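These numbers come from a predicted model, not from an experiment. The sequence lines fix the lettering, A, B, ..., with proteins before strands; numbering per chain opens at 1.
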Amino acid sequence: MAISEKEVKHVAWLARLDLTDAETQKFTQQLDVILEHAGKISELDVKDIPPTSHAIPLKNVLREDKVGECLTPEAALSNAPKGEDQAFMVPRIV
Amino acid sequence: MEYESVIGLEIHVELATKSKMFCKCSTVFGEAPNTQTCPVCLGLPGSLPVANEKAVEYVIKSGLALGCDINLYSLFHRKNYFYPDMPKDYQISQYDQPLCINGLIDLDMGDYQTRIGITRIHLEEDTGKLIHVGGAGRIAGAEYSLVDFNRAGVPLMEIVSEPDIRTPEEAKAYAQKLRAILQSLGVSDVSMEKGSMRVDANVSIRPKGSAEFGTKAELKNLNSFRSLQRALAYEIERQTKALNEGRPEDIVQETRHWDEAKGITSTLRTKEYAHDYRYFPDPDLVPMEFTSDYVEYLRAQLPELPDERKQRFMREYGLPVHEANLLTESKAMGDFFEETVKLYKGDPKAVANWMLGDMSYYLNTEGLEIDETAVTPKHLAELLKLMDKGVISGKIAKEIFPEMFETGKLPQVIVEEKGMTQISNEEEIAKIIDLVLEENASTVEEYRAGKDKAFGFLVGQAMRLTKGRGNPQLINRLLREKLQE
Amino acid sequence: MELYQMTIHELHEKLLNKEVSAKDVTESVFSRIEGVEDGVKSYLTITKEVALEQARQVDEKIAAGEKVGPLAGIPTAIKDVMCTQGIRTTCGSKILDNFIPVYTSTAVQNLFDEGIVMTGKTNMDEFAMGSSTENSGFFPTRNPWDLERVPGGSSGGSAAAVAADEAIFSLGSDTGGSIRQPASLCGIVGMKPTYGLVSRYGLVAFASSLDQIGPFTKDVTDCAIVLNHLVGHDPMDSTSVKIDRPDYTKSLVDDLKGIRIGIPKELMAEGIDPEVKKVVENALEIFSKNGALVAETSLPNLEYGLSAYYIIAPAEASSNLARFDGVRYGYRVPDPDDLMDMYMRTRAEGFGDEVKRRIMLGTYALSAGYYEAYYGKAQKVRTLIVRDFNKAFEEFDVLVSPTSPTVAFKIGEKIANPLQMYLSDICTIPVNLAGLPGISVPCGTVNGLPVGLQIIGRALGEEAILKVAYSFEQNFGWNEKPKLEIRY
C-alpha cells in the first residue's frame with residue numbers, strides 16, 4: 001500500500017474536505033493505485049539533477065511601485081456569501 | 001538552581017511602499033473596510049501576483065544595514081494553511097532561499113556590550129484584518145467575525161533573530177535598535193501602535209551554562225517596547241518558578257497571550273493544530289537573481305545608520321556615550337537634536353540635557369514620540385536662547401515646557417502672555433533683597449556668624465518674593481554685596 | 001453552405017465585402033446552437049444578448065467604414081475557466097455555480113478588443129481536471145461524431161462546440177492535453193502554445209506551471225489567425241514571455257522540403273491503439289512524400305512523464321484550489337457550526353470526486369515527509385524530460401505523434417478508473433511538462449471517429465509547427481464532418 005486510510009483522512013483534513021467513511025475507503029483505493037504509478041519515478045536516480053519549476057526560464061519579473069485602481073467595496077463583496085458593514089462575514093472561528 | 005533565559009524575536013515590519021506586494025492597491029492605513037482591494041489581493045479566481053521591486057529593494061537594504069549576506073538567488077514559496085484573513089488560503093512568503101541571511105545587531109547595554117545574531121530576513125505578504133463581533137471583541141467567545149482585506153497583500157518583512165537574547169532589557173534594546181535602523185533607512189514607519197512593527201517573542205529558560213534549550217513559549221500581543229519587556233520578565237519569572245517549585249509540566253510549547261492590564265501571560269485559547277504548511281515554490285512567480293554589482297549599488301545608497309550617528313555625535317558634539325546612545329535611539333530624536341543644535345548655535349550638551357531630561361520625561365509620561373508633538377527644534381532652540389540671554393530663568397523654562405508641548409506656542413509668546421520674563425532690573429531686585437534682609441534678621445546673623453548655608457536660604461526667599469522670576473545671578477551678587485555692607 | 005459551417009477566414013472576407021453582416025453570422029450560429037445543443041451540450045452558459053450586442057457594434061464599425069480585424073464579428077465560444085466580467089464563470093464546478101467575475105481575463109479581453117462575438121461559456125471537466133468532460137459538475141458534453149461518446153477533455157465543450165458548428169472557433173486551456181486531446185477526439189484543430197506565450201491572467205488556475213490558453217479552430221489557417229491575437233506579453237502575468245510577436249499567418253506555407261520530423265518511439269509504443277497507430281503511420285507518409293525527412297527518435301524519460309505530471313499538477317492544484325473556501329465567493333454550506341465546519345462541508349459539497357482526488361493527491365505529495373520523495377523528485381524528472389526534448393530538437397525541427405492513444409471512448413467507460421482516464425493524456429502531458437507548443441490536426445478516422453496527429457515544436461517554435469500542420473492539412477485534404485441530427 002502506498003497510502004493508508006489514516007493518511008487519507010489526515011490529508012483530507014489538511015485540505016479541508018469532509019469525507020464519509022465510505023468515501024475514505026474509496027479514495028484510499030484510488031489514490032493507492034495512482035500513487036503506485038506515480039511511485040515509478042523512485043526508480044530514477046536524480047541526485048545531481050536540478051529541479052525545474054518552470055519550463056521557460058524567466059527571472060526578475062518585478063513591477064514598479066505604482067498605485068493603481070481598486071475595486072469598489074460593492075464589487076469586492078459582490079460574490080460574498082455573507083457580508084456585513086462592508087466586510088466579509090465568517091462564522092465563529094473558535 | 002540559577003537559570004538563564006533564552007530569547008529569540010520574530011519581528012514583522014510592514015514596508016513603506018506605495019502599492020501592495022503583488023498588486024497595485026494602495027497601502028494607506030486606516031481607510032474604510034475593503035476599499036483597497038483588487039482581484040489579486042482578494043484572491044479572486046484567475047488573478048496572478050507580480051512582485052513589487054521597491055519592496056525587494058527595501059528588504060535587501062535592510063539586510064545590508066543589518067550586516068546580512070544577500071542571497072543572490074532568491075525564491076517566493078507558498079505557505080499553505082486555511083484562515084479567513086488570508087484570501088488565497090496560502091501566503092506568498094519565502095522559505096529556504098530568503099533574501100537575507102546571517103546578520104547581526106550590536107547592543108550597548110551600558111555596562112556591557114552584546115551581539116545578537118539575525119538568522120534571516122524574508123519578504124512576504126500581510127494578511128487581512130479580522131474584527132470579532134460579540135464576546136468583547138476577542139476571538140474566543142465571538143459570535144462571528146468580519147474580514148477586511150485592505151491590509152491583505154501589504155509587503156511584510158520578517159526579521160528572525162537567533163536565540164541570543166538573554167534578558168528582557170536586551171530584547172527591548174534589540175527591538176528599539178532595529179526600529180532605529182529601519183527608520184534611518186526609511187523602509188517602514190515601524191510603528192508598534194499602528195501595527196507596522198509587530199514583535200513576537202520566543203522564550204525559554206535553562207540552567208545557567210547549559211547548551212541545551214528548554215521548552216519555549218511564544219508570546220503574542222506585545223504592542224509596545226514596554227509590554228515586550230514586561231511580558232518577557234513575567235514569563236521568565238513564571239517559568240523559573242515552575243521549575244523551582246517542581247512543576248516542569250507548567251511549561252509547555254505553546255502560544256501565550258500578554259495581558260497588558262493584568263500584567264500576565266496566559267495560554268492563547270485557539271484551536272491549535274499541528275501545522276503542515278506544505279511549502280513549495282510559487283509557480284506564479286519567477287526566481288529573483290541579483291548581481292553583486294546591484295547589491296553593492298544598494299549598499300552605497302545606505303544612509304548614516306544609528307551606530308555611525310552615535311559615533312559622530314560623540315565626536316562632533318562631544319557627547320558622552322550614554323547621551324549619544326539615547327539620542328540615536330530613534331531617528332526622530334537624532335534629527336531633532338541636530339536640528340536644534342543648528343538653530344541654537346550654543347552648547348550641544350545643553351540641547352542634549354534638555355532633550356534627555358524634561359523632554360524625555362514629558363514624552364514618556366504622555367507616551368508620545370518626539371515627532372508626534374507640536375514641538376519643533378525651533379521651540380527648544382528659542383527656549384535655550386531666552387535662557388542664555390537672561391530673559392527667563394531655568395526654572396521658568398521648565399515651567400513653560402509642558403505648555404509649549406501642548407499648544408505648540410513658541411516660548412517667547414508664552415513668556416510674554418504670562419508675563420514670565422525674568423526680573424533683571426537692579427533697583428527692583430535691590431528692593432526685594434532689602435525686604436528679605438529685614439524679614440530674616442536672625443538668618444542674616446547666622447550667616448555673618450559663619451553659617452554659609454544661610455546664604456542659600458536667603459536666595460530662596462528672594463526668589464519666592466519674585467515668584468521665581470528674579471535673575472538668580474543678580475540676586476546672588478546683590479545679596480552678597482548687601483551682606484558685606 | 002451555411003454561415004455557421006464556415007471558417008474565420010471565409011467569414012472575414014464575406015464581412016469585409018458586406019456580403020453578410022455580423023448579425024447574420026451570429027444568428028446563423030445561434031440557429032445551429034438551437035438545433036444541436038440539446039444533443040451535444042457544449043455550453044454551460046449561452047450569452048446570446050451579449051453576442052448580438054457585440055455583433056451590432058461590429059456591423060456599425062463596418063458600416064462606418066472603420067477597419068476591423070479578422071476576428072471581428074466571429075462567433076466564439078469561451079471555455080468556462082476564463083473570467084468574464086458580469087458573466088457567470090463556473091469552471092464546471094458547483095462551488096462556483098453563481099460566481100460572477102468582476103474582471104475579464106486578458107486573453108478574452110484581447111479577443112473582445114478585436115471584436116469577437118461571444119456565444120457563451122463552454123462545459124468542461126471541473127477545474128479542467130479530466131479527459132472526457134464527464135467530470136463537469138453540471139452534465140457531460142457529448143461527442144458530435146457519436147453522442148454516446150465523450151468529446152475528450154477537459155475543454156470538451158469548446159471542442160464539441162466547434163466540431164458541431166456551434167461556434168466558429170473557441171478557446172480552451174491545456175494543462176496536460178486539455179486542448180489537443182479533445183481536438184483530436186472531435187476532429188478539429190487545437191493548439192497549446194508555448195508556456196508563457198498567452199497570458200494566464202484571469203484563467204482560473206489548475207496547475208500554474210503547466211496551464212496555457214489556446215484555440216480550437218476548423219483549420220490551421222484559423223489557428224494562426226487566432227494566435228495572432230492571443231499571443232502577447234501581459235504585465236499582470238509574471239510568467240508571460242516578452243517576445244516580438246510574429247505574424248503567424250506567414251507560416252501558412254505548403255512546403256515540407258527538408259523539414260526534419262522526428263517520431264518519438266515511446267509515443268508509438270504499446271498503449272497506443274493499433275488502429276490509431278495505423279492511421280498515424282499513414283499520415284506520416286504524407287510527410288515523406290512531400291520531401292520531409294522522417295525518422296524515429298527517442299525520449300527515454302518520457303515513461304516517467306505521466307508519474308511526474310500526476311504529482312506536480314495535483315500539488316499545484318491543491319494550493320490553487322484552497323481559495324474556494326466559502327468566504328469571499330462561491331458556494332457556502334448553509335448554517336455552518338463554526339469556521340472549520342464551514343470549510344470542511346463547503347468544500348466536500350462543492351467539489352466533485354476527481355477534484356477531491358487531485359487535491360488530496362497534491363496535498364499528500366507536498367506534505368511533511370513526502371515532499372522530497374514526490375514533489376521534489378517530480379520536479380527533477382521534469383528536468384530530465386526537458387533535456388530529452390532539447391536533445392531531440394538538436395536533430396529535428398518538429399516531433400510528431402498520435403495526440404491521443406485512442407479515439408473517443410464511450411461515456412462512462414473510464415469514469416470508474418481514474419488511472420485509466422489519466423492514460424488518455426500520455427502523449428500530450430510531456431509537452432506541458434517541457435512547456436513546448438503542440439498542435440493537434442485531424443489525420444483520419446477509426447470506425448468513423450476522428451484521429452488526431454500531434455505536432456510538437458521547440459519552445460516558441462509555433463511558426464514551425466504551424467507550417468508543418470498547414471502543409472499536412474493541404475496535402476492530406478481531409479474534410480469529413482460529424483453528421484448531427486437537428487433536434488429543435
Per-residue contact mode, C:S319 against chain B (heavy atom under 4.5 angstrom): both

Under 6.0 Å between ring centres, would you say that holds for C:F127 and C:F324? yes

Identify which part of C:L339 has an atom lying under 4.5 Å from any heavy atom of chain B, answering side chain, backbone, both or neither. side chain

Measure C:Y370 against the heavy atoms of chain B and call it side chain, backbone, both or neither at under 4.5 Å. neither

Aromatic ring pairing B:Y95/B:H77, orientation class (parallel under 30°, perpendicular over 60°, tilted between): tilted

Would you find a donor on one side and an acceptor on the other, under 3.5 Å apart, between the side chain of B:N221 and the backbone of B:H257? no

Measuring heavy-atom distances to chain B, does C:Y201 have an atom under 4.5 Å in its side chain, in its backbone, in both, or in neither? both

Quick one: of C:Y371, C:Y343, C:Y375, who has the most non-hydrogen atom pairs under 4.5 Å with chain B? C:Y343

Measuring heavy-atom distances to chain C, does B:F149 have an atom under 4.5 Å in its side chain, in its backbone, in both, or in neither? side chain

Residue part contacting chain B, namely of C:D211, when any heavy atom lies under 4.5 Å: neither

Counting heavy-atom pairs closer than 4.5 Å to chain B, which one of C:T106, C:T363, C:L96 comes out on top? C:T363

Sidechain-backbone polar pair: C:N123 side chain, C:L44 backbone, donor-acceptor under 3.5 Å: no

Tell me yes or no: between the side chains of B:S188 and B:E14, is some donor less than 3.5 Å from an acceptor? no

Check each atom of B:N80 against the heavy atoms of chain C and say whether the ones under 4.5 Å are side chain, backbone, both or neither. side chain

Measure distances from C:T89 to the heavy atoms of chain B and classify the residue's part below 4.5 Å as side chain, backbone, both or neither. neither

Chain C contact via B:Y90 - side chain, backbone, both or neither, heavy atoms under 4.5 Å: side chain

is_close_aromatic(C:Y329, C:F99), centroid dist under 6.0 Å: yes

Given B:C38, B:P39, B:S145, the one with more heavy-atom pairs under 4.5 angstrom with chain C than any other is B:P39

Side chain / backbone / both / neither for C:P101 at chain B, heavy atoms under 4.5 Å: neither

B:S93 and B:R78: side-chain donor and acceptor closer than 3.5 Å? no

Given the options C:V102, C:N320, C:L321, C:V327, which has more heavy-atom pairs under 4.5 Å with chain B than any of the others? C:N320

Is the count of non-hydrogen atoms from other residues, nucleotides or ligands lying under 6.0 Å from B:K216 atom NZ greater than 12? no

Starting from the C-alpha separation in whole Å, work towards a yes-or-no answer on ring pair (Phe, Tyr, Trp, His ring centres under 6.0 Å) for C:Y364 and C:Y374. CA-CA 9 Å; C:Y364 181 73; C:Y374 287 102; 5.6 Å; yes

